[in-house]
2 protein chains.
Amino acid sequence: MAKKVTLKDVAKHAGVSYQTVSKILRDQIQVTPEVRVRVQQAVEELGYRPNVTARSLRTQASHLIGYSWQPSRQNFFSPVLEEFEQSVVEAAERRGYHILLFPQREGIDSFKTYEELAYTGRVDGFILSDLGYSDPRIPALQALKIPLVAFGRTNCENRQFPFVDVDGRAGVRQVVEHLLDQGHQRIAVLGWPEESRVGTDRLSGYWDGMEAAGITVDRAWVKRRAGEYDYGYEAAHELLELPAKRCPTAIVTVFDLIAVGVIHAVEAKGLVVGHDIAVTGFDDVPMVPYLRPGLTTLRQPTWEVGQRTINILVNLLEGNPTDTQQVLLPPELIIRESSQGYYQPS
Amino acid sequence: MAKKVTLKDVAKHAGVSYQTVSKILRDQIQVTPEVRVRVQQAVEELGYRPNVTARSLRTQASHLIGYSWQPSRQNFFSPVLEEFEQSVVEAAERRGYHILLFPQREGIDSFKTYEELAYTGRVDGFILSDLGYSDPRIPALQALKIPLVAFGRTNCENRQFPFVDVDGRAGVRQVVEHLLDQGHQRIAVLGWPEESRVGTDRLSGYWDGMEAAGITVDRAWVKRRAGEYDYGYEAAHELLELPAKRCPTAIVTVFDLIAVGVIHAVEAKGLVVGHDIAVTGFDDVPMVPYLRPGLTTLRQPTWEVGQRTINILVNLLEGNPTDTQQVLLPPELIIRESSQGYYQPS
DNA sequence: ATGTGTTAGGCGAACGTTCGCCTTATCGTT
DNA sequence: AACGATAAGGCGAACGTTCGCCTAACACAT
């Protein structure tokens with residue numbers, strides 16, 4: 001590192017006290033134009049940059065925001081989180097904050113993680129994503145009185161905390177209604193097990209839609225299992241082997257990759273997706289636009305989630321009057337060929 | 001934020017001087033067992049955590065590493081960088097460092113970015129990715145004597161700097177040799193324009209392979225254009241319209257998405273990928289495993305790149321004797337169906 | 001008794017800021 | 001001529017550490 005230029009150096013060079021330099025640079029004081037110019041020149045010449053560490057120590061604010069999430073397994077992708085991260089970084093930067101990464105590796109000594117999170121003074125606040133049911137990070141941070149905003153909800157019933165989330169339930173309901181509009185009646189759904197909060201949320205949108213339409217749901221149409229591509233592939237095979245009268249004409253899934261598995265299974269059976277059977281996904285992952293046929297899916301307003309999250313947090317940090325602290329955003333239904341064949345109900 | 005517990009609080013509670021507490025906690029001093037226990041109990045009871053900001057100020061080391069990259073456009077994916085980031089974060093954490101994000105938005109006031117980078121004392125060193133030709137960040141950081149390690153090379157001829165990179169040239173050469181082994185002779189290549197450093201690097205592997213095999217390359221086989229899916233789709237159409245004698249039997253691309261475009265174009269022409277024509281990609285992006293037919297491609301050892309990058313940087317920061325500071329890793333050839341039809345040369 | 005070495009722990013200073021109070025000079029007013 | 005108000009800028013202290021040096025106490029050998 002280069003020899004540091006400090007306030008004192010600048011002050012000496014400009015012939016004033018270093019505290020005065022500090023104040024001039026932050027516009028906290030009135031000085032004669034002449035002095036101001038002298039100081040600015042000195043700053044320029046010496047290439048002075050304030051030392052953020054010292055500033056943080058003094059002001060008790062690091063202007064750093066911690067971001068804690070669960071890194072995906074290697075070579076496995078979570079594009080939603082990728083975009084969320086981008087958005088958060090961008091929004092934070094615009095408000096004068098930077099993002100510090102705190103991956104939350106599952107299993108591995110989660111105690112140590114809280115140590116990390118607690119690390120005094122390192123960050124002013126936290127953004128959490130990948131919330132689990134009753135996520136332990138929330139009480140931990142709240143005990144330390146560190147402000148936080150979460151991407152997603154959790155089931156800490158008795159705890160209030162600010163969050164931004166996407167309304168998966170409303171989204172899936174919208175999908176179901178779209179399929180009903182197309183004439184479908186026997187609609188199946190591939191969900192995730194109960195342990196998955198988002199999975200459960202999305203699945204309930206299916207029930208909402210079916211119930212509202214007054215359709216009695218065949219138990220065989222509803223599957224709840226962990227997995228992605230393979231799950232979709234296998235489950236679709238099972239569904240398609242149901243007797244003709246019970247065989248679904250549409251398959252709703254809670255994740256695009258499951259839908260891809262379904263599509264491949266459908267095609268392996270010699271059926272045409274979008275014509276013989278409709279398939280839908282969730283997330284609009286980056287590979288989807290390159291899929292044929294195009295996959296009807298729900299796109300999360302990820303960018304906006306990130307922006308809102310940071311806004312809430314920064315308002316919290318800076319003590320601004322903040323509007324609502326719990327935001328639920330609707331996903332956007334993207335209709336493509338996979339749900340658009342002119343299907344004729346039998 | 002909760003009321004801070006400082007060394008002085010602990011000291012008072014344990015009945016020693018606060019400096020002694022500091023030394024005990026860092027094992028810098030010998031004390032009677034009795035005192036040690038008293039101090040540890042006080043730490044426990046009060047829930048003391050060292051204030052990293054103060055520590056940084058004193059030791060002149062933040063144990064923070066800046067990571068600067070070019071965020072992809074929205075809803076556009078760069079899975080390689082995603083995995084790189086993960087790897088970097090993980091490796092850094094293991095050595096006691098954290099990662100601070102410094103996105104480098106193109107165009108937008110790049111001057112301000114350097115201000116940011118220069119921000120005194122905030123970070124101990126930098127990791128750069130997405131190097132451009134003669135990347136301006138490198139001289140900027142070197143002028144400030146801030147250690148850096150890059151993912152990728154650049155053409156700052158006269159500058160030496162540590163980097164880790166993937167040998168795209170050797171990779172593509174390997175692909176070409178693989179195709180030659182399959183009996184292909186008329187091999188086309190879809191590259192990127194000269195402005196792209198990686199594109200140029202990868203393209204040269206094509207020339208290497210063809211030259212070594214003694215094949216005269218038809219100028220029409222080599223395309224250099226910016227783009228991805230659409231580029232592949234259009235370029236493939238052009239290639240397939242060449243007269244039979246000059247029409248390529250294999251198309252090498254410098255990126256998987258280009259290859260996906262090619263595949264779709266080939267299929268649109270009624271040809272069978274892997275049988276009538278071979279196609280290869282680069283990167284093994286996450287969607288590739290779900291493609292049919294499977295795409296032959298080159299996988300970057302992204303995880304290892306991240307690990308090596310951090311190791312070099314941390315060694316630099318801590319003044320450890322470091323072995324080599326310029327590392328070139330070979331990508332791994334993944335052979336799938338798209339290049340495996342039994343093609344019979346005409 | 002005196003000197004010498006070792007051990008346990010205290011103490012002052014420094015890292016580079018920001019903050020609040022204080023001083024001095026200038027000017028206008030009564 | 002004396003007073004007060006305002007403007008310009010200085011000064012000491014503090015944020016919570018770490019670091020190097022110092023001291024007191026004790027043990028041991030002379």
Side-chain angles (χ1 to χ4, degrees), chain A residues 1-40 42-43 46-64 96 118-124, chain B residues 1-40 42-43 46-64 96 118-124 144 318:
Chain A
M1 275 138 284
K3 185 68 185 63
K4 301 263 163 65
V5 179
T6 74
L7 279 180
K8 289 186 183 166
D9 299 323
V10 175
K12 198 172 297 171
H13 203 259
V16 289
S17 80
Y18 67 95
Q19 296 95 329
T20 302
V21 175
S22 167
K23 287 170 185 165
I24 291 176
L25 293 179
R26 287 171 305 122
D27 258 335
Q28 297 273 332
I29 201 183
Q30 276 196 332
V31 290
T32 55
E34 182 210 2
V35 169
R36 177 178 302 273
V37 167
R38 246 177 26 230
V39 166
Q40 276 164 351
V43 166
L46 300 178
Y48 167 78
R49 305 263 152 252
N51 180 315
V52 259
T53 306
R55 173 178 291 172
S56 294
L57 178 59
R58 182 62 237 243
T59 62
Q60 304 287 51
S62 63
H63 275 233
L64 253 34
Y119 230 10
T120 325
R122 177 136 261 184
V123 299
D124 295 343
Chain B
M1 273 138 285
K3 184 68 186 66
K4 301 265 162 64
V5 179
T6 73
L7 279 181
K8 290 187 183 165
D9 299 323
V10 175
K12 198 173 298 171
H13 201 260
V16 290
S17 78
Y18 67 95
Q19 296 95 330
T20 302
V21 175
S22 168
K23 287 171 185 164
I24 291 176
L25 292 179
R26 287 171 304 121
D27 258 335
Q28 297 272 330
I29 201 183
Q30 277 196 332
V31 288
T32 54
E34 181 209 0
V35 169
R36 176 178 302 273
V37 168
R38 246 177 26 231
V39 167
Q40 276 165 349
V43 165
L46 301 178
Y48 168 78
R49 305 264 151 249
N51 180 315
V52 259
T53 307
R55 174 179 290 172
S56 294
L57 179 59
R58 179 64 238 239
T59 61
Q60 304 287 50
S62 64
H63 275 233
L64 252 33
Y119 231 9
T120 327
R122 177 136 261 182
V123 299
D124 295 344
L144 292 160
E318 301 188 341

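To find a chain, count down the sequence lines: A is the first, B the second, and so on, and within it residues start at 1.
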For this session: By nearest nucleotide on DNA chain C, pick out whichever of B:S17 and B:L57 is the more 5' one.
Result: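 Final value for this comparison: B:S17.
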Problem set entry | Upstream residue (5' side of DNA chain C) when B:A54 and B:V31 are each assigned their closest nucleotide |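 Upstream on the strand: B:V31.
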Nearest-nucleotide pick for [X], side chain only, options being [options]:
X     : options                : result
A:T20 : C:dT17, D:dG10, D:dT17 : D:dG10
B:Q19 : C:dG16, C:dT18, D:dC19 : D:dC19
B:Q60 : C:dG16, D:dT17, C:dG10 : C:dG16
B:R26 : D:dT18, D:dC21, D:dG16 : D:dT18
A:Y48 : D:dT18, C:dT17, C:dC19 : C:dT17

Problem set entry | Steps toward side chain to side chain contact (heavy atoms under 4.5 Å, CB included) verdict (B:H63, B:D124) | CA-CA 6 Å; B:H63 275 233; B:D124 295 344; 4.1 Å; yes
Atom [atom1] of [X] and atom [atom2] of [N]: how far apart are they, to the nearest Å?
X     : N      : atom1 : atom2 : value
B:R49 : D:dT17 : CZ    : P     : 12 Å
A:I24 : C:dT17 : CD1   : C1'   : 16 Å
A:K12 : C:dG16 : NZ    : C1'   : 14 Å
A:L7  : D:dG10 : CG    : C1'   : 15 Å
B:Y18 : C:dG10 : OH    : P     : 12 Å
B:K4  : D:dT17 : NZ    : P     : 10 Å
A:Q28 : C:dC21 : CD    : C1'   : 15 Å
A:N51 : C:dC15 : CG    : C1'   : 8 Å

For this session: Please determine which of A:T53, A:T59, A:L64 meets the side chain to side chain contact (heavy atoms under 4.5 Å, CB included) test together with B:T53.
Result: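 Result: among A:T53, A:T59, A:L64, A:T53 is the only option passing the side chain to side chain contact (heavy atoms under 4.5 Å, CB included) with B:T53.
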Exercise. CD1 of B:I29 to CZ of B:R36: how many Å apart, nearest 0.5 Å?
Worked result: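 Between atom CD1 of B:I29 and atom CZ of B:R36 there are 9.0 Å.
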Exercise. Given B:V21 and B:Y48, is the side chain to side chain contact (heavy atoms under 4.5 Å, CB included) satisfied, shown in steps?
Worked result: CA-CA 11 Å; B:V21 175; B:Y48 168 78; 5.8 Å; no
Exercise. Does a side-chain N or O from A:T32 land closer than 4.0 Å to OP1 or OP2 of D:dA7, or not?
Worked result: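 So the side chain of A:T32 is outside the cut-off, no N or O lying under 4.0 Å from OP1 or OP2 of D:dA7.
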Exercise. Between B:S62 and B:R122, is there a donor-acceptor pair closer than 3.5 Å when you use the side chain of the first and the backbone of the second?
Worked result: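 Confirmed, B:S62 side chain pairs with B:R122 backbone.
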Exercise. NA contact type, A:T59, heavy-atom cut-off 4.0 Å: base, sugar-phosphate, or nothing?
Worked result: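 If one applies the 4.0 Å heavy-atom cut-off, A:T59 turns out to touch the sugar-phosphate alone, with no base involved.
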Exercise. Between the side-chain atoms of A:R58 and the base atoms of C:dT18, is any donor-acceptor pair under 3.5 Å?
Worked result: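 Side chain to base: pair present.
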